[in-house]
Amino acid sequence: MSRSGDSCQNTWCSARGSLEAPGLPHGLCLRLGLEFALVRSWPSAHIHAGPCRWRGSAGHGGSMRNRIAPEGVWTRPSLTDTFTAWCNSHLRKAGTQIENIDEDFRDGLKLMLLLEVISGERLPKPERGKMRVHKINNVNKALDFIASKGVKLVSIGAEEIVDGNAKMTLGMIWTIILRFAIQDISVEETSAKEGLLLWCQRKTAPYKNVNVQNFHISWKDGLAFNALIHRHRPELIEYDKLRKDDPVTNLNNAFEVAEKYLDIPKMLDAEDIVGTLRPDEKAIMTYVSCFYHAFSGAQKAETAANRICKVLAVNQENEHLMEDYERLASDLLEWIRRTIPWLEDRVPQKTIQEMQQKLEDFRDYRRVHKPPKVQEKCQLEINFNTLQTKLRLSNRPAFMPSEGRMVSDINNGWQHLEQAEKGYEEWLLNEIRRLERLDHLAEKFRQKASIHEAWTDGKEAMLKHRDYETATLSDIKALIRKHEAFESDLAAHQDRVEQIAAIAQELNELDYYDSHNVNTRCQKICDQWDALGSLTQSRREALEKTEKQLETIDQLHLEYAKRAAPFNNWMESAMEDLQDMFIVHTIEEIEGLISAHDQFKSTLPDADREREAILAIHKEAQRIAESNHIKLSGSNPYTTVTPQIINSKWEKVQQLVPKRDHALLEEQSKQQSNEHLRRQFASQANIVGPWIQTKMEEIGRISIEMNGTLEDQLNHLKRYERSIVDYKPNLDLLEQQHQLIQEALIFDNKHTNYTMEHIRVGWEQLLTTIARTINEVENQILTRDAKGISQEQMQEFRASFNHFDKDHGGALGPEEFKACLISLGYDVENDRQKQTGSMDSDDFRALLISTGYSLGDAEFNRIMSVVDPNHSGLVTFQAFIDFMSRETTDTDTADQVIASFKVLAGDKNFITAEELRRELPPDQAEYCIARMAPYQGPDAVPGALDYKSFSTALYGESDL
């Protein structure tokens with residue numbers, strides 16, 4: 001077959017002229033003239049070993065141009081029958097046949113039809129008239145078509161064919177057989193008769209009693225015919241049962257099998273061959289050429305079927321991987337879609353217990369539900385990269401997932417998930433803190449409100465009492481002083497009322513769930529306080545109005561009342577503070593409370609002295625009354641705070657102080673334990689965190705250096721991965737310590753900058769990075785093995801890539817990629833600025849240009865669109881390797897697959913389901929039938945399928 005598609009001219013020349021065949025493909029040099037000379041019935045001709053020439057002997061007086069052999073050669077009945085059967089084997093494809101080869105071609109109609117069938121081309125429209133001129137015109141059209149195929153006919157004219165000249169008609173048919181049935185036969189650079197003979201010798205070489213040396217007596221015993229059939233279809237012939245001494249049986253067996261199973265008509269007669277000393281060579285060649293075409297077509301069909309099977313198997317495997325990706329991506333995205341609303345739910349609960357349950361649910365999600373999804377995401381990315389690599393290696397278009405299922409969509413959804421997750425955890429912790437403070441403030445509000453309400457109980461009735469209207473002067477004075485003491489007490493309670501209002505305001509700002517009842521109670525206290533103020537002012541005015549009518553009052557009792565009231569208020573405040581709840585989160589806060597408490601205890605001696613002084617005033621009043629025989633009413637008229645009350649409250653204060661000490665010490669112990677947990681976690685985190693960071697840097701360095709073969713690198717990376725996985729117990733220990741910290745409600749840690757979230761993210765990134773690096777090396781091995789790239793080439797590509805990857809980021813920018821191409825022998829011309837890696841001198845520029853590579857901006861932009869289809873501005877090493885491998889290797893193409901289908905279709909522009917099921921395995925045949933579009937061409941038949949659009953769709957050049 002032709003290797004280059006060029007054409008050449010072959011010339012048959014002699015002393016008087018030549019037969020030229022211009023325009024024939026190189027390697028199929030036309031030896032038609034030579035084959036004419038090889039007909040053994042022409043004794044005057046002989047073969048010249050030089051360039052395909054025919055030389056006539058001196059006895060014939062010069063050259064012969066397709067000169068017709070002597071009359072006896074063309075009048076043998078066996079030759080006529082053979083040529084008639086050969087013509088009918090082709091004419092029956094058009095639904096007709098001939099009976100008499102001398103007569104049936106006279107009008108030129110069936111002759112033109114025969115040429116159309118065997119050539120596959122259309123001849124000019126024949127003339128349908130019955131006149132001689134019409135017949136001559138038709139025959140001339142046929143002869144012109146033969147001449148157009150490079151055959152110059154001499155001594156054969158249309159008039160002889162129309163007149164029924166048997167010699168000329170058979171010579172013309174022989175010329176057609178040579179040109180269309182024998183000329184294209186080529187075996188080891190030999191063609192036509194020589195090629196056909198060599199093919200027969202090779203196919204029958206293993207068989208005993210068969211020695212094919214020619215196309216006459218070598219075939220008389222019939223064993224050669226049976227050997228040819230048995231070599232290609234052993235199930236049709238029982239060769240071992242044939243006998244050399246029974247040639248008629250052998251010949252008839254071969255002729256019948258060929259006609260029944262190989263669709264080769266019976267062109268020869270067994271008795272005629274056996275009864276002839278020398279069988280007709282042209283008849284034998286004609287019949288044997290039919291075997292050649294039948295068996296060579298089957299071999300081509302088998303080769304074409306194998307190619308299609310290989311292509312379809314790759315395509316089916318890739319489709320299976322695509323379906324797996326789509327399913328896994330859908331499941332992961334559905335899980336993300338369900339989880340994000342749960343993480344974005346910010347509806348607060350009313351109690352700490354409910355919020356702590358939500359926090360526990362979140363911890364279960366982090367420990368149980370999320371880790372498997374992290375593995376699924378990593379595996380999905382690895383599967384996607386592997387699929388893309390296989391598609392590139394099989395010259396298929398890149399896999400484009402369904403809308404919304406891209407790797408970038410999954411990464412975006414995952415990023416949204418992690419953002420929601422982080423915000424959710426922060427919200428939970430803040431909400432728990434808020435509820436803790438709300439509970440504390442609410443309890444504090446209730447305590448202060450209860451104390452204030454207890455104090456105000458009866459005060460309003462007292463202020464409304466009009467006892468001064470019937471009191472004596474001394475009583476009035478006592479009432480005045482008593483009222484002054486009350487005002488002092490009232491002023492002392494002003495701070496408490498302001499504190500109650502401030503706490504209520506803070507509860508409102510923090511959105512306390514029972515704010516309505518708090519506001520109602522606070523408003524009632526404020527209204528009552530305003531009423532007490534108004535009543536106090538009114539009573540003072542009434543007492544002052546009658547003060548002029550009253551005389552002196554006992555100053556001693558008055559002094560007692562004045563000093564007892566603030567002291568009593570101080571004791572109440574002290575008891576309130578000693579019973580006050582406290583919440584701290586650090587050791588410093590509890591130590592601050594202990595320090596304040598110690599300071600309070602240091603004031604107790606002075607308070608005790610004040611108490612004794614007040615009690616001394618009361619004792620002095622009693623001593624004076626007793627010494628002066630004054631009869632007292634039994635109680636101090638200026639105050640209700642009796643010495644018994646002061647002593648009772650003082651004892652209460654003394655009892656509360658050690659209780660407060662105990663509570664503070666317990667809290668201090670708790671905070672010390674929390675501090676120990678912080679330090680314990682920080683110690684482990686400060687080891688694990690830097691270890692993860694170091695391993696990330698080492699992986700980056702390993703992926704850049706890549707020493708040794710790819711298999712060595714892969715083994716090294718897998719050992720490195722196992723060492724990382726073996727470190728997991730340290731992370732588990734850190735998780736346990738973090739669990740203890742969270743159970744203790746510890747919210748911050750000043751001893752380390754690493755949080756458990758940072759450690760988890762770093763660990764996940766570390767596992768993902770090593771897995772991606774291993775996958776990258778595996779894909780490089782696939783690329784190397786599939787593309788035939790040597791280890792040295794791969795190392796050269798890696799060295800060039802690393803040299804220009806200045807920031808060690810694993811990707812090159814456009815200018816870095818351009819410089820890398822230049823360093824490997826390309827010249828990339830840039831109108832703005834020409835960069836050539838580390839050298840940019842004029843000499844180096846001239847040297848690169850001299851290499852013959854000149855891509856220019858347009859070509860470079862094309863290359864960038866291949867290596868960076870997403871226009872990210874970065875070229876990864878895998879994309880770089882894919883580009884370089886495509887530059888140095890070859891793969892199946894759509895044109896090759898189309899050519900293979902055309903062989904299976906018998907050179908038709910369409911193929912049928914029956915032909916696919918006959919030539920391909922069942923599953924791949926059904927695969928093609930389900931996906932091929934109906935053929936719409938003018939020569940379409942019912943059920944015709946378009947294999948061309950199907951083949952281009954396999955390689956992304958069209959849509960299925």
Side-chain angles (χ1 to χ4, degrees), residues 352 436-457 459 485 488-504 506-507 518 521-522 525 529 562-615 639-674 745:
I352 293 179
E436 285 180 342
R437 178 160 181 77
L438 282 175
D439 286 350
H440 171 66
L441 289 175
E443 182 62 24
K444 192 172 184 179
F445 173 85
R446 286 189 288 270
Q447 283 186 356
K448 289 185 177 293
S450 297
I451 293 172
H452 176 77
E453 290 168 347
W455 179 83
T456 57
D457 185 33
K459 294 297 190 292
S488 178
D489 197 10
L490 185 68
H493 278 79
Q494 177 68 33
D495 291 338
R496 182 178 288 114
V497 174
E498 291 176 355
Q499 290 174 5
I500 291 172
I503 292 173
E506 189 172 359
L507 288 172
V518 170
R521 191 172 184 182
C522 181
I525 290 173
W529 185 257
K562 287 182 178 181
R563 295 182 67 176
F567 184 75
N568 181 65
N569 188 61
W570 173 87
M571 288 191 297
E572 289 180 348
S573 298
M575 289 188 294
E576 181 180 348
D577 291 338
L578 290 171
Q579 297 179 84
D580 189 17
M581 295 176 61
F582 58 86
I583 296 177
V584 294
H585 298 96
T586 64
I587 190 68
E588 290 79 9
E589 292 177 357
I590 190 59
E591 287 177 353
L593 290 178
I594 291 174
S595 177
H597 183 62
D598 291 338
Q599 186 178 0
F600 166 77
K601 289 192 295 183
S602 66
T603 63
L604 290 179
D606 293 336
D608 191 38
R609 286 190 290 271
E610 177 66 10
R611 179 183 66 82
E612 292 177 351
I614 294 172
L615 294 178
T639 181
T640 59
V641 181
T642 64
Q644 292 77 14
I645 293 176
I646 292 176
N647 287 331
S648 175
K649 290 184 178 180
W650 178 255
E651 290 175 0
K652 183 66 173 178
V653 170
Q654 293 294 96
Q655 294 172 358
L656 291 174
V657 168
K659 291 183 179 180
R660 185 72 167 185
D661 288 335
H662 180 70
L664 291 173
L665 289 176
E666 282 186 345
E667 185 62 26
Q668 184 183 35
S669 175
K670 176 183 176 183
Q671 291 303 322
Q672 288 174 346
S673 174
N674 290 350
L745 297 179

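We use all heavy atoms of the structure for the numbers below, so side chains are in, but hydrogens, waters and symmetry mates are not. Each residue takes its place number in the sequence, starting with 1.
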Engineer: Please tell me whether Gln671 and Glu667 have a donor and an acceptor in their side chains that are separated by less than 3.5 angstrom.
Structural biologist: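 There is such a pair between these side chains.
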Engineer: Does the side chain of Lys448 come within less than 4.5 Å of Lys444's, by heavy atoms?
Structural biologist: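 Yes. Closest side-chain heavy atoms under 4.5 Å.
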Engineer: Given side chains that start at C-beta, do those of Thr456 and Ile525 come closer than 4.5 Å, heavy atoms only?
Structural biologist: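 Of all side-chain heavy-atom pairs linking Ile525 with Thr456, none is under 4.5 Å.
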Engineer: Are the side chains of Asn647 and Gln644 in contact, using a 4.5 Å heavy-atom criterion?
Structural biologist: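 Of all side-chain heavy-atom pairs linking Asn647 with Gln644, none is under 4.5 Å.
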Engineer: Could you pull out the closest heavy-atom pair between Val518 and Phe445, with the gap in Å?
Structural biologist: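 Heavy atoms of Val518 and Phe445 come nearest at O-CZ, 3.6 Å.
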Engineer: Please report the shortest heavy-atom distance between Met571 and Lys649, naming the atom on each side.
Structural biologist: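 Closest heavy-atom pair between Met571 and Lys649: CE-CB, 3.7 Å.
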Engineer: Could you tell me whether Glu612 atom CD has more than 12 heavy atoms of other residues or ligands within 6.0 Å of it?
Structural biologist: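 Buried by this count: over 12 neighbours within 6.0 Å.
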Engineer: For Glu588, check salt bridge (Lys or Arg N to Asp or Glu O under 4.0 Å) against everything at least two apart and list the hits.
Structural biologist: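 Checked Glu588 against salt bridge (Lys or Arg N to Asp or Glu O under 4.0 Å); matches are Lys750.
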Engineer: With side chain to side chain contact (heavy atoms under 4.5 Å, CB included) as the test, would you mind laying out the steps for Trp570 and Glu610 before giving the verdict?
Structural biologist: CA-CA 11 Å; Trp570 173 87; Glu610 177 66 10; over 6 Å; no
Engineer: Measure from the side-chain N and O atoms of Ser602 to the backbone N and O of Gln599, and report whether any donor-acceptor pair falls under 3.5 Å.
Structural biologist: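 Yes, the answer is positive, given that a donor and an acceptor are paired below the 3.5 Å cut-off.
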Engineer: For a 4.5 angstrom cut-off between non-hydrogen side-chain atoms, does Glu576 reach Glu572?
Structural biologist: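 No - every pair of side-chain heavy atoms lies 4.5 Å or more apart.
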Engineer: Working to the nearest 0.5 angstrom, can you tell me the gap between Glu443 CD and Gln447 CD?
Structural biologist: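 Here the rounded value is 5.0 Å.
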Engineer: Out of curiosity, Asp661 CG to Leu656 CG, how far, rounded to the nearest 0.5 Å?
Structural biologist: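 If we round to the nearest 0.5 Å, Asp661:CG and Leu656:CG are 11.0 Å apart.
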Engineer: Kindly compute the distance separating CD (Gln579) from CD1 (Ile451), expressed to the nearest 0.5 Å.
Structural biologist: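 These two atoms lie 7.0 Å from each other.
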Engineer: Using every non-hydrogen atom in the two residues, find where Phe567 and Ile646 come nearest and quote the distance to one decimal.
Structural biologist: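 That closest heavy-atom pairing would be CE2-CG2, 3.7 Å.
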Engineer: More than 12 non-hydrogen atoms from neighbouring residues, nucleotides or ligands closer than 6.0 Å to NZ on Lys562, yes or no?
Structural biologist: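 Open.
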Engineer: Give the minimum heavy-atom separation between Asn569 and Ala492, together with the two atoms involved.
Structural biologist: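 Result for this residue pair: ND2-CB, 3.3 Å.
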Engineer: Any luck finding a side-chain donor-acceptor pair between Thr639 and Arg563 under 3.5 Å?
Structural biologist: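 Thr639 vs Arg563: no donor-acceptor pair found between side chains.
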Engineer: If I take atom CG from residue Asn568 and atom OG from residue Ser573, how far apart are they, to the nearest 0.5 angstrom?
Structural biologist: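 These two atoms lie 9.5 Å from each other.
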Engineer: Excluding sequence neighbours, so at least two apart, what forms salt bridge (Lys or Arg N to Asp or Glu O under 4.0 Å) with Arg660?
Structural biologist: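 Not a single residue meets the salt bridge (Lys or Arg N to Asp or Glu O under 4.0 Å) criterion with Arg660.
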Engineer: Please evaluate residues Lys601 and His597 with respect to the criterion side chain to side chain contact (heavy atoms under 4.5 Å, CB included), reporting the C-alpha separation (whole Å), side-chain torsions for both, the decisive distance (0.1 Å), and the verdict.
Structural biologist: CA-CA 6 Å; Lys601 289 192 295 183; His597 183 62; 3.8 Å; yes
Engineer: Quick one: are His440 and Asp580 in side-chain contact, heavy atoms under 4.5 Å?
Structural biologist: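 Touching, per the 4.5 Å side-chain cut-off.
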Engineer: Hey, does Asp457 have a side-chain heavy atom less than 4.5 Å from the side chain of Glu453?
Structural biologist: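 They are not in contact (no side-chain heavy atoms under 4.5 Å apart), so the answer is no.
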Engineer: Taking the side chain as every heavy atom from C-beta outward, state whether Gln654 and Leu604 have any atom pair closer than 4.5 Å.
Structural biologist: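 Yes, at least one pair of side-chain atoms sits under 4.5 Å.
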Engineer: Quick one: pull up CD1 in Ile594 and CG in Leu665 and give me the separation to the nearest 0.5 Å.
Structural biologist: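 If we round to the nearest 0.5 Å, Ile594:CD1 and Leu665:CG are 6.0 Å apart.
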Engineer: What pairs with His493 under ring pair (Phe, Tyr, Trp, His ring centres under 6.0 Å), at least two apart in sequence or on another chain?
Structural biologist: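 Ring pair (Phe, Tyr, Trp, His ring centres under 6.0 Å) list for His493, sorted by chain: Trp455.
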Engineer: Any side-chain to backbone donor/acceptor pair from Ser450 onto Arg446? Under 3.5 Å, distance only.
Structural biologist: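 Yes, Ser450 side chain to Arg446 backbone: donor-acceptor pair under 3.5 Å.
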Engineer: Once you round to the nearest 0.5 Å, how far does CG of Asp495 lie from CD1 of Ile500?
Structural biologist: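 Between atom CG of Asp495 and atom CD1 of Ile500 there are 11.0 Å.
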Engineer: What heavy-atom pair brings Phe600 and Val657 nearest, and what distance separates the two atoms?
Structural biologist: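 Nearest heavy atoms, Phe600 then Val657: CE2-CG2, 4.1 Å.
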Engineer: Kindly give the heavy-atom pair with the smallest separation between Leu578 and Val653, and that separation in Å.
Structural biologist: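 Answer, listing the atom of Leu578 first, then Val653: CD1-O, 3.9 Å.
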